[in-house]
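Contents: one structure, followed by commentary.
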Amino acid sequence: MSFPLLTATAVLPAVGAVATAAVPAARRTAAKWLALLVSLATLALAIVILVRFDPGGDRYQLTESRTWIKAFGVRYELGVDGIAVALIALTALLIPFIILAGWHDADPLETGSRRWRPTQGFFALILAVEAMVIISFEATDVFVFYIFFEAMLIPMYFLIGGFGDRAHEHGEKAAATQRSYAAVKFLLYNLVGGLIMLAAVIGLYVVAGNFSLQEIAQARANGSLHMATSTERWLFLGFFFAFAVKAPLWPLHTWLPNAMGEATAPVAVLITAVVDKVGTFAMLRFCLQLFPEASKWATPVILVLALISIIYGALLAVGQRDIKRLVAYASISHFGFIIMGIFAMTSQGQSGATLYMINHGISTAALMLVAGFLISRRGSRLIADYGGVQKVAPVLAGTFLIGGLATLSLPGLAPFVSEFLVLVGTFTRYPVIGIIATFGIVLAALYTLVLYQRTMTGPVKPEVAKMPDLRVRELLVVAPLVVLLIFLGVYPKPVTDIVNPAVKQTMSDVHKTDPKPEVEAAK
């Protein structure tokens, strides 16, 4: 029996979460180091998966299968394709940086406060989310996927509601109220999506007789399983609704600005760079593979919703006064690009969308974590409270600028390649949608450069005059992310080589080929 590598990669952070939570209350520093070491060990296992995965091999590799609930045909089935491998690597890479960035975010509050921030619980919850996200990327049984897709909401709820940002313009009492509101809104939105998906999961079992993604997809491909058109469309809508909430897609996005605004910066990164990727990943793995005809039927509407997300998110980012909410609305715009690339039904669009998931995770982590360091120094999230930071903290300002330039997809930085592929892939099949979507790039340049100008340039405000520059721990968080942004911006081939075979198989699932370019014959 081969070593269950996929199970080990998910179980390790889960066990680490329990161990971290069990550390005595007085040993806060030991809990932090334990969580960091567990995250690094998980990253090592993710690298082993990356090395052992053969892009030219079978679609699903390193597979594991065990009978779980025999009476209902539920099996513990895991397997990874190129897209899942890339996203597991991204998740395992970001978690150590999230832990380092949040090193002091759960320390006890100031003397005299009656509120105690359980440090061990904070880091244990982060590891628990990592475990559930990783197994969601690995699951090839629909029921197993659903369980962890929903279960990750619980630790995220406590991370948002129990460990919110201390910087609030109206004081601690108002901050606690806002945190509770954001956490409940996050939970309710995603629970409603999950309940609708549960009905679709049950419907799929009634039609197919099992929950195995591979068996159902193969039965559909060879004609041994036939779904009525109306049945397939209803099941598709049930799955897609849950994924669109998680993604988040307009108009199901409104929980994200609240959650990211009230959470600590590391938890905000965990939300948008890690957890939300499960939604877009699931669109590729489940919607397109299980319901190919319904996916094509819904494509025009989904593309319009994605386009609205791109423009709407960017416009609201332009008008934000709060740094973290600006990044949240920018992420809504970016997720619009990802979903547009998925449903453009071209190899360039889907390759770009998958690459965008990776690059958005890195760029958002870089920008949001530096923003968190900035906010922790000044004690305010309001853009108007800053000015002239580059004169007193040039390294902080420089890394903030690189993160911002990556967010606007500057050529030479990683997101440019993915955004370009998404737009090219969309334009070849839906030129009007592709043309309108390019305005999102213009708006991205506007909100990013205005943010930098108002916070980093101009006269030095008295409140930031003594602001310290990035410390060693903070540099250890930011520097690797900046290096990755530059490396993947110049040389994205290592990622595209892994994901492109999976993209081709997905295109085959929906029976789509790339449009042939219309070139006038040479005379």
Side-chain angles (χ1 to χ4, degrees), residues 6-7 9-11 13-14 17-18 68-69 72-78 84 87-88 91 95 124-162 182-206 208 210-213 216 234-249 252-256 258-259 263 267 270-287 289-291 335:
L6 298 185
T7 295
T9 308
V11 167
V18 174
W68 185 14
I69 308 175
F72 296 102
V74 179
R75 297 184 62 84
Y76 176 76
E77 287 189 348
L78 307 180
L87 290 172
I88 290 170
T91 301
I95 295 299
L125 290 169
I126 292 175
L127 291 176
V129 172
E130 179 182 22
M132 294 174 187
V133 169
I134 288 176
I135 202 166
S136 296
F137 290 141
E138 297 173 344
T140 57
D141 183 279
V142 177
F143 189 80
V144 173
F145 170 83
Y146 174 78
I147 288 175
F148 292 99
F149 179 80
E150 287 294 277
M152 70 180 71
L153 301 180
I154 304 305
M156 284 306 311
Y157 168 80
F158 287 109
L159 284 170
I160 297 168
V184 170
K185 189 173 183 179
F186 161 82
L187 188 63
L188 288 179
Y189 266 67
N190 284 275
L191 277 179
V192 169
L195 289 173
I196 292 174
M197 181 183 169
L198 177 60
V201 169
I202 295 171
L204 180 67
Y205 175 76
V206 171
N210 65 79
F211 293 104
S212 174
L213 171 68
I216 296 172
W234 280 112
L235 293 178
F236 167 84
L237 290 173
F239 277 76
F240 181 80
F241 183 87
F243 303 152
V245 172
K246 186 85 78 180
L249 178 67
L252 306 172
H253 67 285
T254 59
W255 63 268
L256 183 65
N258 296 102
V267 172
L270 187 65
I271 295 169
T272 190
V274 177
V275 171
D276 287 353
K277 297 300 186 301
V278 178
T280 48
F281 164 79
M283 291 179 189
L284 280 165
R285 171 166 282 191
F286 295 100
C287 287
Q289 193 169 345
L290 292 174
F291 316 110
F335 274 101

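Sequence positions, counted from 1, serve as the residue numbers for this chain.
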Could you go step by step and tell me if Thr140 and Leu78 meet the side-chain contact (heavy atoms from CB on, under 4.5 Å) rule? CA-CA 5 Å; Thr140 57; Leu78 307 180; 5.5 Å; no

If you round to the nearest 0.5 Å, how far is OG1 of Thr91 from CZ of Phe137? 4.5 Å

Can you list everything that forms a side-chain hydrogen bond (donor to acceptor under 3.5 Å, both in side chains) with Thr254? Sequence neighbours excluded, please. Tyr189

Taking the side chain as every heavy atom from C-beta outward, state whether Val129 and Ile95 have any atom pair closer than 4.5 Å. no

side-chain hydrogen bond (donor to acceptor under 3.5 Å, both in side chains): which pairs involve residues 270-281, sequence neighbours left out? Thr272-Ser331, Lys277-His360

Roughly how far apart are Leu235 CG and Leu204 CG, rounded to 0.5 Å? 6.0 Å

Distance in Å, Ile88 CD1 paired with Leu6 CG, rounded so as to fall on 0.5 Å steps: 6.5 Å

Report, one line per pair, each donor and acceptor closer than 3.5 Å where one atom sits in a side chain of residues 141-157; sequence neighbours left out.
unit_1, atom_1, unit_2, atom_2, d
Asp141, OD1, Phe143, N, 2.9
Asp141, OD1, Val144, N, 3.2
Asp141, OD2, Arg75, N, 3.3
Tyr146, OH, Gly194, O, 3.1

Pairwise side-chain contact, Leu249 with Phe335, heavy-atom cut-off 4.5 Å (strictly under): no

Apply side-chain contact (heavy atoms from CB on, under 4.5 Å) to the pair Asn210 and Val74, showing each step before the final yes or no. CA-CA 7 Å; Asn210 65 79; Val74 179; over 6 Å; no

Taking all atoms of both residues into account, what is the closest heavy-atom pair of Ala200 and Gly238, and its distance? CB-CA, 3.8 Å

As a quick check of understanding, evaluate side-chain contact (heavy atoms from CB on, under 4.5 Å) for Val201 and Tyr205, giving each step before the final call. CA-CA 6 Å; Val201 169; Tyr205 175 76; 5.9 Å; no

Closest heavy-atom contact between Pro248 and His253? CB-CA, 3.7 Å

Distance col, row Leu87:CG vs Ser136:OG, nearest 0.5 angstrom, shows 11.5 Å

Give, for atom CE of Met197 and atom CZ of Phe243, the distance between the pair rounded to the nearest 0.5 Å. 4.0 Å

I want to know whether Trp68 and Tyr76 have ring centres closer than 6.0 Å. no

What distance separates Lys246 NZ from Leu256 CG, expressed to the nearest 0.5 Å? 12.0 Å

Any side-chain heavy-atom pair from Val275 and Met132 closer than 4.5 angstrom? no

At their closest point, which heavy atom of Val267 faces which heavy atom of Leu159, and how far apart are they? CG1-CB, 4.0 Å

Nearest heavy-atom pair of Arg285 and Ala84: which atoms, and what distance? NH2-CB, 3.8 Å

Could you walk me through whether Phe186 and Asn258 pass side-chain contact (heavy atoms from CB on, under 4.5 Å), step by step? CA-CA 8 Å; Phe186 161 82; Asn258 296 102; over 6 Å; no

Minimal heavy-atom distance between Ala10 and Ala131, with the atoms involved, is O-CB, 3.2 Å

